[in-house]
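These numbers were taken from a predicted model, which means no experiment stands behind them.
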Amino acid sequence: MTTSVSVDRVPQIHHPIKSVSGFSKFISASIAATLLMVTSLSHADINPKELRIGYQKYGTLLLLKADGALDKRLAQQGVTVKWTEFPGGPQLLEGLNVGAIDYGVVGEAPPIFAQAAGAPIVYIANEPPAPAGEAVVVQKNSTIKSFAELKGKKIALNKGSNVHYLLVKLLEKYGIAYKDIQPIYLAPADARAAFERGAVDAWVIWDPFLAAAQQQIGAKVIADGKNLVNNTQFYLASRSYASARPDVLSVVLDETAKKDIWVSKNIKDAATALSPSVGLSSDILELSFQRSGFGVKPVTPAVLAQQQQIADVFYQQKLIPKPLKVADAALKK
């Protein structure tokens with residue numbers, strides 16, 4: 001029998017921060033410390049009167065963009081906000097790497113690839129894990145019942161994204177070598193098109209694309225991230241911006257924390273508010289939010305150790321060219 005994601009009606013929501021202002025003070029101190037550590041860094045590419053944010057078509061940052069609260073607050077400090085949409089985390093971090101943006105949110109895998117490529121990123125904060133928010137799906141009329149049946153099959157995924165790590169862990173769990181599948185690297189929109197026309201046998205994807213595929217075309221989940229991966233979301237900045245404008249990033253995280261708390265208590269309203277910007281129904285977004293984790297918190301050594309495990313796995317699989325020390329991309333206290 002085909003298994004599917006069971007949606008707990010009690011959302012997977014965490015509240016690790018008791019005080020939004022207290023968190024902001026922590027972040028300000030941490031970023032300020034980074035400033036002292038990199039005083040020799042040139043800020044020629046930094047516009048101190050602008051913050052360029054990269055976002056994906058979902059989540060807290062998009063809600064902040066939609067309601068304008070962050071723009072208004074930073075305008076009081078003489079800072080304008082420029083928002084740029086990206087189809088996925090790898091593309092967003094490439095934008096950060098080439099200096100097109102200063103800040104953004106991505107999953108746990110993209111920073112590994114970006115750091116391996118020499119991108120000057122720094123971890124700012126993270127959300128709690130949301131392992132059920134990514135999964136492997138097959139078409140509703142597929143005869144494939146389990147992930148084990150995907151050996152030799154075509155599997156679509158966004159290369160370098162969170163689901164890339166999920167795929168690696170599933171292959172490990174079922175004893176399938178990476179060379180024994182046919183990975184088809186596509187961004188979400190192209191992957192869905194390939195999936196719908198039957199050009200691939202399965203699709204590894206994250207919310208809200210996952211929820212949309214389930215509700216709109218009846219995609220069947222054959223495996224998700226539970227008990228395998230964390231699916232953690234990270235807020236990152238270029239090291240130069242983190243050192244040049246710690247005060248601006250403090251405001252961003254303060255507003256993000258407030259919005260996170262609001263979403264966790266008002267999931268239906270949040271889904272309704274986000275629907276026009278995303279172009280998905282509120283029901284789809286509500287399902288996505290129910291599998292999310294909320295509560296921005298500082299990146300701890302334990303979280304960086306989890307990131308290091310991902311980096312080590314990617315190196316073992318020859319997905320990155322050299323061993324990586326994730327802690328090199330941490331804020332220095």
Side chain proximity check, [X] to [Y], heavy atoms < 4.5 angstrom:
X	Y	value
Lys297	Val303	no
Thr232	Glu127	no
Ile184	Phe195	no
Val168	Leu319	yes
Arg245	Asp247	yes
Leu167	Phe147	yes

Ring centroid separation Phe113 to Tyr165 under 6.0 Å: no
side-chain contact (heavy atoms from CB on, under 4.5 Å) partner of [X], the single match among [options]:
X	options	result
Ile124	Val105, Leu249, Val252	Leu249
Gln115	Val122, Leu93, Ile121	Ile121
Ile155	Val200, Ile181, Val138, Leu170	Ile181

Only counting residues at least two apart or in another chain, list the ones meeting side chain to side chain donor-acceptor pair (under 3.5 Å) with [X].
X	result
Lys65	none
Asp67	Lys259
Thr60	Asp260
Gln139	none

For the student: nearest non-hydrogen atoms of [X] and [Y], plus distance:
X	Y	result
Ile101	Ile53	CG2-C, 4.4 Å
Leu51	Val79	N-CG1, 3.9 Å
Trp83	Val81	NE1-CG1, 3.2 Å
Leu186	Ala194	CD1-CB, 3.9 Å
Ala244	Ile46	CB-CG2, 4.0 Å
Gln317	Tyr178	OE1-CB, 3.8 Å

Okay, side chain of [X], backbone of [Y]: is any donor-acceptor separation there less than 3.5 Å?
X	Y	value
Gln77	Leu74	no
Lys220	Ser142	yes
Ser161	Leu157	no

Evaluation steps, side chain to side chain contact (heavy atoms under 4.5 Å, CB included), between Gln307 and Val299: CA-CA 11 Å; Gln307 285 293 93; Val299 177; over 6 Å; no
Within residues 175-194 or reaching into it, pairs that qualify as salt bridge (charged side-chain N to carboxylate O under 4.0 Å, His left out) - sequence neighbours excluded: Arg192-Glu196
What distance separates [X] [atom1] from [Y] [atom2], expressed to the nearest 0.5 Å?
X	Y	atom1	atom2	answer
Asn162	Glu134	CG	CD	5.0 Å
Asp269	Glu286	CG	CD	10.0 Å
Ile310	Glu108	CD1	CD	4.0 Å
Asp224	Asn231	CG	CG	10.0 Å
Ile267	Phe294	CD1	CZ	5.5 Å
Thr256	Leu70	OG1	CG	7.0 Å

Asn230 and Gln306: side chain donor to acceptor below 3.5 Å: yes
Asp312-Gln316 side chain donor-acceptor pair, cut-off 3.5 Å: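 Result is no, nothing qualifies.
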Show me the donor-acceptor pairs, under 3.5 Å and distance only, between side chains in residues 201-212 and residues at least two apart or in other chains.
| unit_1 | atom_1 | unit_2 | atom_2 | d |
| --- | --- | --- | --- | --- |
| Asp201 | OD2 | Lys154 | N | 2.8 |
| Asp207 | OD1 | Ala211 | N | 3.1 |
| Asp207 | OD1 | Arg291 | NH2 | 2.8 |
| Asp207 | OD2 | Arg291 | NE | 2.9 |
| Asp207 | OD2 | Arg291 | NH2 | 3.4 |

ring-ring contact (aromatic ring centres under 6.0 Å, His included) contacts in which one or both residues fall within residues 242-279, not counting sequence neighbours: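 Sorted pair list comes back empty.
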Sequence neighbours excluded and cut-off under 3.5 Å, please list the side-chain donor-acceptor pairs for residues 321-331, or say none.
none

Atom CG of Asn141 with >12 non-hydrogen neighbours under 6.0 angstrom: yes
All N/O donor-acceptor pairs, side-chain side in residues 270-282, below 3.5 Å, sequence neighbours left out:
| unit_1 | atom_1 | unit_2 | atom_2 | d |
| --- | --- | --- | --- | --- |
| Thr272 | OG1 | Lys268 | O | 3.0 |
| Ser275 | OG | Leu280 | O | 2.4 |
| Ser281 | OG | Ile284 | N | 3.3 |

Residue pair Val136, Leu150: steps toward the side chain to side chain contact (heavy atoms under 4.5 Å, CB included) verdict: CA-CA 10 Å; Val136 182; Leu150 292 178; 4.0 Å; yes
Please name all residues satisfying ring pair (Phe, Tyr, Trp, His ring centres under 6.0 Å) with [X], sequence neighbours left out, ordered by chain then number.
X	answer
Phe234	Tyr123
Tyr185	His164
Tyr103	none

Steps toward side chain to side chain contact (heavy atoms under 4.5 Å, CB included) verdict (Glu172, Leu228): CA-CA 10 Å; Glu172 179 183 285; Leu228 276 180; over 6 Å; no
